Amino acid sequence: MARSSDRALDRAITALLHEAVEHSRAMRQVLNQVGQLASARINAISDEERENPSDDAIDEVLSSLTKREKEVLDHLARGWSNRQIGRALGISERTVKNHLRNIFTKLHVSDRTSAVVKLLGHHD
């Protein structure tokens with residue numbers, strides 16, 4: 001009896017793990033798509049700034065970002081971790097954190113999500 005209930009529990013655990021893996025794959029796909037859209041949005045903002053400079057505060061803040069800070073912000077908007085950003089840009093996680101701190105200060109936000117929301121909400 002114990003063996004049959006153990007097997008049933010093992011099957012239930014396995015089924016839930018398979019479901020979690022599938023959910024994780026789907027979530028990664030959604031996050032990747034959101035990242036691509038956010039990246040396109042950032043590029044559109046950059047293109048628009050070059051064509052139609054604006055005088056409002058956020059435009060000034062965005063133009064005050066260094067090239068590297070803009071690169072970090074682009075990856076941040078894709079949902080990448082500090083480690084992923086560092087690897088992609090060939091810099092350490094500590095350097096990524098320093099860039100993020102500078103970005104947060106310039107955007108007057110305190111976290112990653114707020115930075116991306118502020119950036120993406122700017123040119124609606």
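No hydrogens, no waters, no symmetry mates; every other heavy atom, side chains included, goes into these values. Owing to the predicted nature of the structure, the values given are computational and were not obtained by experimental measurement.
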Looking only at non-hydrogen atoms, find the nearest pair between [X] and [Y] and report the distance.
{"X": "Lys106", "Y": "Ser64", "answer": "NZ-O, 3.1 Å"}
{"X": "Ala88", "Y": "His75", "answer": "CB-NE2, 3.8 Å"}
{"X": "Ala115", "Y": "Phe104", "answer": "CB-CE2, 3.9 Å"}

How long is the span from the [atom1] atom in [X] to the [atom2] atom in [Y], to the nearest 0.5 Å?
{"X": "Ser4", "Y": "Leu9", "atom1": "OG", "atom2": "CG", "answer": "9.5 Å"}
{"X": "Thr95", "Y": "Leu89", "atom1": "OG1", "atom2": "CG", "answer": "10.5 Å"}
{"X": "Ile85", "Y": "Ile91", "atom1": "CD1", "atom2": "CD1", "answer": "8.0 Å"}
{"X": "Ser92", "Y": "Lys97", "atom1": "OG", "atom2": "NZ", "answer": "9.5 Å"}

(message) Suppose we screen for side-chain contact (heavy atoms from CB on, under 4.5 Å). Which residues come up paired with Asn102, at least two apart in sequence or across chains?
(response)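 Glu69.
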
(request) Apply side-chain contact (heavy atoms from CB on, under 4.5 Å) to Asp74 and list each qualifying residue two or more places apart in sequence or on a separate chain. (result) Ser39, Ile42, Arg78

Considering only distance and modelled atom types, tabulate donor-acceptor pairs under 3.5 Å from the side chains of residues 13-20, sequence neighbours left out.
from: Thr14; atom 1: OG1; to: Asp10; atom 2: O; distance (Å): 2.8

(message) Any side-chain to backbone donor/acceptor pair from Gln33 onto Val30? Under 3.5 Å, distance only.
(response)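 Here the side-chain-to-backbone pair does not exist.
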
(message) Pairing donors with acceptors under 3.5 angstrom, does anything connect the side chains of Arg87 and Asn82?
(response) no

(request) State whether a side-chain donor-acceptor pair under 3.5 Å links Ser24 with Arg28. (result)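 A pair is found: one side chain offers a donor N or O, the other an acceptor, under 3.5 Å apart.
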
With a 4.5 Å limit on heavy-atom distance, are the side chains of [X] and [Y] in contact?
{"X": "Arg112", "Y": "Val116", "value": "no"}
{"X": "His99", "Y": "Arg68", "value": "yes"}
{"X": "Trp80", "Y": "Leu76", "value": "no"}

